[in-house]
2 protein chains.
Amino acid sequence: MEDVAARAGVSRALVSIVFRQVPGASESTRRHVLAAAAELGYQPDRRASRLGRSRTRMLGVVFGLGHDFHAEVVDGIYAAAGDHGYEVVLSGVSPRRTESDAVRAVLAERCEAVVLIGTQLASRDIAELAGRLPTVSVLRQLRVPSVDVVRTDEAAGLEELVDHLHGLGHERIVHLDGGNAPGAAPRRRGYLTAMNRWGLEPASLVGGLTEESGAKAADQILAHTAAHRPTAVAAFNDRCALGLMHALIRRGLHVPEEVSVAGFDDIAAAGYAHVGLTTVRQDPDRLGQLAVDRLRHRLEGGTAPSPTGVVPATLMIRKTTAPPSA
Amino acid sequence: MEDVAARAGVSRALVSIVFRQVPGASESTRRHVLAAAAELGYQPDRRASRLGRSRTRMLGVVFGLGHDFHAEVVDGIYAAAGDHGYEVVLSGVSPRRTESDAVRAVLAERCEAVVLIGTQLASRDIAELAGRLPTVSVLRQLRVPSVDVVRTDEAAGLEELVDHLHGLGHERIVHLDGGNAPGAAPRRRGYLTAMNRWGLEPASLVGGLTEESGAKAADQILAHTAAHRPTAVAAFNDRCALGLMHALIRRGLHVPEEVSVAGFDDIAAAGYAHVGLTTVRQDPDRLGQLAVDRLRHRLEGGTAPSPTGVVPATLMIRKTTAPPSA
DNA sequence: GAAGACTACTAGAGCGCTCCAGTGAGAGCC
DNA sequence: GGCTCTCACTGGAGCGCTCTAGTAGTCTTC
């Protein structure tokens, strides 16, 4: 910076003014400084600039490496954060890097706030974290008062899905339950509500987050005789639905003719032309945006927070659901 | 830090010594300082510590958000970097955040070196980047002299795969080509080499990175009469293979009885029990480790670099390849 | 019992920025 | 012409650490 200043014949402070794009430099000087910087290949050091500044304007994001849907939320966060002059510090969770490790890193970087995507941390730990800096949990519902939650209205989404299946004429509708995965509880609730509303008997099988869990459930579905077999399945998520569907097809069952299959999330693979999975869409973009809004509100106070942290789900009817055959 | 020093009755420098875990403090003082820090909830600020240090020991990692295989490589990098006291700065590429954006961020953070995973950047840009700091390209082969490349021996992998298929008795073996995706060229080369070796006629169809591309190829395969239809397909990667396979099964073709299908990468989904995709395994862990080793060598000079940046591929024979039916 | 070698600790400059208080020069006004 | 205002710019103190040079104090060693 010193060198740039010398070359442009100005003070270091002026160079700073130019690079921060704040008023206080004439247009001609500005160009001069920029030219000098370009010649020297100078680029400001963000770490130093953050040190000198009172606010770091950094948002930590803890997410699961390799989780497609998390990646989509991160994309939304990148966009929303960029719009408001915040930087995003990613901290990935992987088999060898625990969520605690990831949180520790975010803390050490002096982020001003943190968003946890689909966290599996204990409420106690989350509460402690929230005591240190503004925290928002995306995807996972939490009853910790100091933590903002941004999530999809999953219960409503599943209700809508069951309504759709019922509307097609299905009665034996099974739910592949996500256990204690983030989002599993409200989906279960929505399923039960809708089944009750239509006077149908709920039935659940163990599902999960991955294709494998869906494939396992296929065995149990096929164990029934055709007359008792469920005619429709609402899987915990898309990957689970995909795994189920492929296992069923491989065993010779036709989808949707013999069994309707639906997922949740609307990941990219669900929309592929050859798949056409009926599913409940979560809007990752909106989730990311809302998370950033909430944190901004906590940090800046000024702007009104989004009225709610709940994003509506959208039923995406594609090709894997149809009226039952007989 | 000042507060901690005051509370422990020592100088700031001593607190620094304790937290950096370097010699120069007695065991009792060390405990004293740590206790004082704990009471005050003090945690050192990494950004400031890096500023004061000559070396930042930060490795920038540019990767595709939502690319499963990239995520696995990142995990390997986290592990290898941690072992040698380096920190990892993730910079994700997404639809709205270009690779150039990601690289710019890494530069502004003053990372000491950068690893590009499956980069799509123009060689010119990569060369320029490499002129500024040590750069290694993982997955993508590059003929830029200043850039280290760490990749799988993809040509050998595909040769081995074709050998396997030929050994099963296949003759009409088709390759779903990845176009200009990272790794497509060597896979193509390996395919052609092996086909030539066995005197078989090579045939390629357009494949790609996603399930969708595989599903599209299925149409073309099914356009052949059974007598002329390929009996085995080597897809560009696992996702492409999975898409192809599901499309084929859905059309009533049996895998592997009527068509053998194989992929590349060995992503988690390939290994699921209900899938059992025969594939060529890339070792993401090793790739990540090698990338870090190379950068360490460039940065520290001392340690001998790994002899080669090429990781062997491993043929994983599972259930989707079998002798041709006739 | 003085020189030398350790060990435990401290003072203070420095890392590359930001930002506040201030300087000087010119414009506008009566 | 003197006054205030604004604008462009500068000096220098910080931000929270690291790290070198140095100061005591203790332990050897002959």
Separation between CD (A/Glu99) and OG (A/Ser94), nearest 0.5 Å, reads 11.5 Å
Among the nucleotides D/dG11, D/dT18, D/dC17, whichever has the atom closest to the side chain of B/Ala48 is D/dC17
Considering only heavy side-chain atoms of B/Arg12, the closest of C/dG12, C/dC9, C/dC19 is C/dG12
Whichever of B/Ala25 and A/Ser49 has the more 5' nearest nucleotide on DNA chain C, that residue is B/Ala25
Taken to the nearest whole Å, CZ/A/Arg53 to P/C/dC15 is 21 Å
Separation of D/dG16 atom P from B/Glu2 atom CD, nearest Å, is 10 Å
Closest to the side chain of B/Met1, out of C/dG16, D/dC9, D/dC17, is D/dC17
When rounded to whole Å, the CG to P distance for the pair A/Leu40 and C/dG16 reads 14 Å
B/Glu27 atom CD is separated from C/dC9 atom P, nearest whole Å, by 11 Å
Quick note, B/Leu14 side chain, CB onward, closest among D/dT10, C/dC9, D/dG12 is C/dC9
Here the distance between atom P of D/dC15 and atom CZ of A/Arg50, to the nearest Å, is 18 Å
Whole-Å distance, B/Glu109 CD to C/dG16 P, equals 15 Å
dist A/Glu128:CD -> A/Ile126:CD1 (nearest 0.5 Å) comes out at 11.5 Å
Side-chain contact check for B/Val10: nearest option of D/dT10, D/dG16, C/dT10 is C/dT10
Between CD1 of A/Ile17 and C1' of D/dC7 the distance, given in whole Å, is 11 Å
Per atom distances to the A/Arg20 side chain, the nearest of D/dA8, C/dC9, C/dT18 is C/dT18
Taking C/dC17, D/dC17, D/dT18 as options, the one with an atom nearest any side-chain atom of A/Pro44 is C/dC17
Out of C/dC9, C/dC17, D/dG16, minimum distance to the side chain of A/Asp45 belongs to C/dC17
side-chain contact (heavy atoms from CB on, under 4.5 Å) with A/Val15: of A/Thr29, A/Val10, A/Leu34, only one passes, and it is A/Val10
Rounded to 10°, the angle between the first-five-pair and last-five-pair axes of the helix from C/dG1-D/dC30 to C/dC30-D/dG1 is 40°
query = Does A/Ser26 make a side-chain N or O approach to OP1 or OP2 of D/dC9 shorter than 4.0 Å?
reply = yes
Among the nucleotides C/dC15, C/dA8, C/dC17, whichever has the atom closest to the side chain of B/Leu51 is C/dC15
CG (B/Leu59) and CZ (B/Arg296) are apart, to the nearest 0.5 Å, by 10.0 Å
In sequence, state the C-alpha distance, the side-chain angles, and the governing distance for A/Ser91 and A/Arg97, and then conclude on side-chain hydrogen bond (donor to acceptor under 3.5 Å, both in side chains). CA-CA 9 Å; A/Ser91 195; A/Arg97 193 169 189 265; 3.0 Å; yes
query: OP1, OP2 of D/dT18 versus side-chain N and O of B/Ser16: anything below 4.0 Å?
result: yes
Distance col, row B/Phe69:CZ vs B/Ile267:CD1, nearest 0.5 angstrom, shows 9.5 Å
Checking B/Glu112, B/Glu300, B/Glu87 against B/Arg57 for salt bridge (charged side-chain N to carboxylate O under 4.0 Å, His left out), the one that qualifies is B/Glu300
By nearest-nucleotide position on DNA chain C, the 5'-leaning member of B/Arg110 and B/Gly9 is B/Gly9
Practice prompt. Using a heavy-atom cut-off of under 4.0 Å over every strand shown, decide if A/Arg55 touches base, sugar-phosphate, or nothing.
Written response: nothing
In whole angstroms, the gap separating C1' of D/dT18 from CD of B/Gln21 amounts to 15 Å
Output for pair (B/Arg30 CZ, B/Phe19 CZ), nearest 0.5 Å, gives 11.0 Å
*asked:* For A/Asn180, is the CG atom crowded, meaning more than 12 foreign heavy atoms sit under 6.0 Å from it?
replied: no
So what does A/Ala13 touch, heavy atoms closer than 4.0 Å: a base, only the sugar-phosphate, or nothing?
base
Which part of the nucleic acid, if any, lies within reach of A/Pro23 when heavy atoms closer than 4.0 Å are counted: base, sugar-phosphate only, or nothing? nothing
